[in-house]
Amino acid sequence: MGYDAFGLPAEQYAIEHGVHPAISTAQNIDNFRKQLDNIGFCYDWDREVRTSEPSYYKWTQWIFLQLFNSFYNRNTQKAESIAKLVSEFEKHGNTEHECPADSLIQFTGFEWKAFSKKEQQDILMMYRLAFCGLGEVNWCEALGTVLANDEVVNGVSERGGYPVVKKKLRQWYLRITEYADRLLSGLETIEFSEAMKEMQTNWIGKSFGAEIDFVVNTSTNTPHDIPLTVYTTRPDTIFGVDFMVVAPEHDLIEKITTAEQREAVETYITYVKSRSDRERQAEKKITGCFTGAYAINPFSGKQIPIWISEYVLAGYGTGAIMGVPCGDERDHKFANHFNIPVTNIIGDYYDGKEANPTKDAKLQNSGFIDGMVMRDAIAVVNRELQDLGIGKEKVNYKMRDAAFSRQRYWGEPFPIQWKNGVAVPLDETELPLLLPEVDSYSPGPEGEGPLANIPEWVAKELETNTMPGYAGSSWYFLRYMDPHNNETFCDRKVSDYWNQVDLYIGGTEHAVGHLLYSRMWTKALYDLGHIGFDEPFRKLLNQGMIQGSSRFVYRIKGTNKFISHGLIDGEAYKIEDTDPIRVDVNFVDGVELDIEAFKQWRNGEYTDAEMILDGGKYICGSEVEKMSKSKFNTIDPTDLVEKFGADTFRMYEMFLGPVDQSKPWDTKGIEGVHRFLKKLWRLFFDEMKGKVWNEEKPTAAELKILHRTIRKIEDDTERFSFNTAVSAFMICVNELADLKCNKREVLESLLIMLTPYAPHISEELWLALGNKNSILDASYPKFEEQYVIESSKEYPVSINGRVRTNINIALDATPEQVQEIALNNELIHKWMEGKPLKKFIFVKGKMINVVV
RNA sequence: GCGGAUGUGGCGAAAUUGGCAGACGUACCAGACUUAGGAUCUGGCGCCGUAAGGCAUGCAGGUUCGACCCCUGUCAUCCGCACCA
């Protein structure tokens, strides 16, 4: 058992209440522990870990250093030490090791030695598995801080409603892209659901395409020799290119934008900066701006206008695309919106209204590939590009390197010092680098983290960023194996013994985050020889999420006014004019907000809020979504455990539905499980008569009930179908009660099966039966077929697929006998209405169907 | 917008491999016991219909002797997201 204890919520709490995160985290953990004990969970508490403890994050820092001191050797397809790379560079430069950050960088061994120390380190940084670079963050000038996507609503900060823009900051990254192929191939070796594998595969997004260089003309008369490189998966459509789109962040824009368009372009770029990633993603409207420049199609010589648009991302491919409206839906919409004429290269496959992404069309208007089938033309064009030196085949991945730094306090400090602009790792002996105390958790200057406010920290030139929440959670399963080791993160002999996690239970929401990061860390540690397996989890079970019901208040944009939900009617007030903000469900009664509690919330942040009421009340909006602290919609199990007991609570959770299905938390029906446990109790003890269990021999009927249950529970438990298992227990107890079976022999077996589901009552009744040892040590009942064998079955009989009657037929009857019995049945005769028999279908043990 | 998942009685759901749709549980209705019931027990309970029977697994099609299950399209909800060319 462990706690992933670093992160934003504790820091936020610290900012609001001035309580040190270490203290509030410890309190939270105590509370969790109470709840877990209360429910009766069995963990090996000797192996408890907390990611925020120095004894734990010492090794998170240590693993970071392993990544920092490693590069990915593409020739051997594994992580190797930077020292080895340096010796390679000294011998023959980087001829054997293409630079992953920039394939254009090339140098010889001689040149390498001539580089300054700083230049050498800058180059090495481009190879390291943990590296530093520039990245964009959500910057809120008014709050002077960087915000998580979570904290941004409609392009303004959730707290206070201040504008948020993109800002470039120095950031740490993990070079997870180097592991893309192994993360893909590794999926074949592990038991994850197909859906999960598909999500990870799509996220990694390997695609085969080509990079093509176009020459840019800034005016129609004076060609400049500026290349614009685009990435496309469809080089075969090169003759259908009607426009280019480059990302608004693209370096080229400055150089190519014409004087007439400069103002429009700058306005557009400012607009894009104000847009959150989520908005750029989800928006349906089409935006863009013409740069005034043209690119020249290398094959047709055609002038192609170059646009910028937010739908093209700087981080993928080359940050520029060629627009082929007849073959790509988004390009088509773009062309339509800006009245760009569409060239048809696929004849009848294009109807003039919608793009057609086919690869089967014969190309038209396509120069040297005219008449070819598109899918065949791809290789032809690639060869031609290569021959002309204006393009090459290229494999791309959607996945980008993982941002690994946060401008926050409550996270692992980086064991890095900056000396003259060079990142110098601390020695292993200096770990853990302790997180220092601070006076205030507010951000440092220029968007730096709170650590930048500490003079001693800055004087030591230590890195002021901290690691993100997922650092500690990327390897905790290894620490469970060897939690108290002070010499190493996990002894190799120990991890060899325990090996992979046999069964990992977690939600699909971690598909492209935690479940990829931990796979990458495991692979890196494996490559470096620290562990003996390169996939952390042998089998993954995705449990569904219990959802909560969140409550919202609606802040009118740009104001401190909050409008009651019912007044947002789409006419006088529109939902688009508001920023929906979640409030704590604890001060909402149903949907009615306790305004006083709201105003005192978050240290009085909303004290001055102006509430626009509806009939004297403020009515909140509600939404069912994942239960989460950050959504303020969590519930505490303690009250229910108090009222019904832990066994009822546990069984009810299991009875709610299939384990892999998400559903809103709802306590309707918990009574049913409680009644079941009471009914079970009454098989042993009667309220009036006291003890009723006895030593009588069970009858055949009773043994049949028992053994059917044994089989069912085994089956259901094996396939994690806990809800049907609970139902099987209920059926069993109902039937035993009907037969007034209070026989010890039957009841004991039942109790043993029930133990994992309802351990407390099982143990208590077990001891009440006079057993001396714990029920946990009892041997599991064995299923015996002889008690459940049936000799005949009530077959449902259909006429033309509709069930009309049932006939009892011996199970060993031959198909011929069955047909004779069925056709001679009076009711069936009636339903056949004298029509001739067309077909007789008999599925043994299942059903009979008469087709006429 | 993209990727993934899920849609079955008033509600949570079951149907494990294409073979009796609604097990089990809630809620509700009627009754028994009772000073009492928030205990316990009995019966009923998808919809229409007195019944025979008909109609029902988000919606529209398709495959099949037979479809909750497979296929095509579509709508809604949830999870994730970095608009992936």
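Here is how names work: the chains are called A, B, and so on, in the same order as the sequence lines, proteins then strands, and each is numbered from 1.
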So if I take every side-chain heavy atom of [X] and compare against [options], which nucleotide ends up nearest?
X	options	answer
A:D328	B:rC11, B:rA85, B:rG80	B:rA85
A:T724	B:rA14, B:rC20, B:rU42	B:rA14
A:K626	B:rA15, B:rG80, B:rC84	B:rG80
A:T508	B:rA21, B:rU16, B:rC79	B:rC79
A:R719	B:rU16, B:rC84, B:rG80	B:rU16
A:Y311	B:rC83, B:rC84, B:rC65	B:rC83
A:R330	B:rC79, B:rG19, B:rC84	B:rC84
A:N849	B:rA85, B:rG25, B:rC65	B:rC65
A:K668	B:rC11, B:rA85, B:rC41	B:rC11
A:L313	B:rC84, B:rC20, B:rU40	B:rC84

Atom pair distance, as rounded to whole Å: [atom1] in [X] and [atom2] in [N]:
X	N	atom1	atom2	answer
A:L656	B:rG12	CG	P	11 Å
A:N808	B:rC20	CG	C1'	14 Å
A:E671	B:rG37	CD	C1'	13 Å
A:W307	B:rC83	CH2	C1'	18 Å
A:L515	B:rC79	CG	C1'	13 Å
A:K846	B:rC65	NZ	C1'	17 Å
A:E625	B:rA5	CD	P	22 Å
A:Y517	B:rG80	OH	P	14 Å

(request) Would you tell me whether A:H332 and A:Y350 have side-chain atoms, one donor and one acceptor, within less than 3.5 Å of each other? (result)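 The answer is yes; a qualifying pair exists.
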(request) Indicate whether the side chain of A:R551 and that of A:S549 have a donor and an acceptor atom separated by less than 3.5 Å. (result) yes
With a 4.0 Å limit, can you tell me whether [X] has a side-chain N or O closer than that to the phosphate oxygens OP1/OP2 of [N]?
X	N	result
A:K678	B:rU40	yes
A:R400	B:rC84	no
A:R675	B:rG38	no
A:N149	B:rA82	yes
A:R802	B:rC20	no
A:N723	B:rA14	yes

Using a heavy-atom cut-off of under 4.0 Å over every strand shown, decide if [X] touches base, sugar-phosphate, or nothing.
X	value
A:K679	sugar-phosphate
A:I841	base
A:Q547	sugar-phosphate
A:D715	base
A:W831	sugar-phosphate
A:N734	sugar-phosphate
A:K844	nothing
A:V624	sugar-phosphate
A:S662	nothing

Please report the distance separating the [atom1] of [N] from the corresponding atom of [M], rounded so that it comes out in whole Å.
N	M	atom1	result
B:rC69	B:rG58	C1'	16 Å
B:rC81	B:rC45	P	48 Å
B:rU50	B:rU40	P	36 Å
B:rA67	B:rG18	P	14 Å
B:rA14	B:rC59	C1'	24 Å
B:rG61	B:rG1	C1'	28 Å
B:rC33	B:rU17	C1'	48 Å
B:rA15	B:rG9	C1'	15 Å

If pairing requires Watson-Crick or G-U wobble contacts with both distances under 3.5 Å, which nucleotide is the partner of [N]?
N	value
B:rU77	B:rA5
B:rC68	none
B:rG18	none
B:rC24	B:rG12
B:rA32	B:rU40

(request) Please confirm whether A:R650 makes a cation-pi placement over A:Y757, using NZ or CZ under 6.0 Å from the six-membered ring centre and within 45° of the ring normal. (result) no
(message) For B:rG9, does the O4'-C1'-N9-C4 or O4'-C1'-N1-C2 angle fall within 90° of 0, making it syn, or is it anti?
(response)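 That one's syn.
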Verify the ring-centre separation between [Y] and [X]: is it less than 6.0 angstrom?
X	Y	answer
A:Y311	A:F334	yes
A:Y271	A:Y268	yes
A:Y470	A:Y517	yes
A:F644	A:H674	yes
A:F338	A:W307	yes

(request) For A:Q543 and A:G507, work out which heavy atoms get closest and say how close. (result)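 Scanning both residues, the minimum pair turns out to be OE1-N, 3.1 Å.
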(request) Using heavy atoms and a sub-4.0 Å distance, could you list which residues of residues 192-206 of chain A are near RNA chain B? By number, please. (result) A:A195, A:E198, A:M199, A:N202, A:W203
(request) Taking side-chain hydrogen bond (donor to acceptor under 3.5 Å, both in side chains) as the test, write out the residues that go with A:K835, two or more places apart. (result) A:E833
(request) Say whether, by atom type as modelled, one donor and one acceptor occur between the side chain of A:N742 and the main chain of A:L683 under 3.5 angstrom. (result) yes
(message) Does A:K333, at its NZ atom, have more than 12 non-hydrogen atoms belonging to other residues, nucleotides or ligands within less than 6.0 Å?
(response)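 No, because the 6.0 Å sphere around NZ of A:K333 holds 12 heavy atoms or fewer from other groups.
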(message) Is it the case that B:rU6 (base atoms only) and A:K663 (side chain only) share a donor and an acceptor within less than 3.5 Å, ignoring hydrogens and angles?
(response) no
(message) Let me spell it out: for each of A:K333 and A:G672, pick the nucleotide of RNA chain B with the closest heavy atom. Which residue's pick is nearer the 5' end?
(response) A:K333
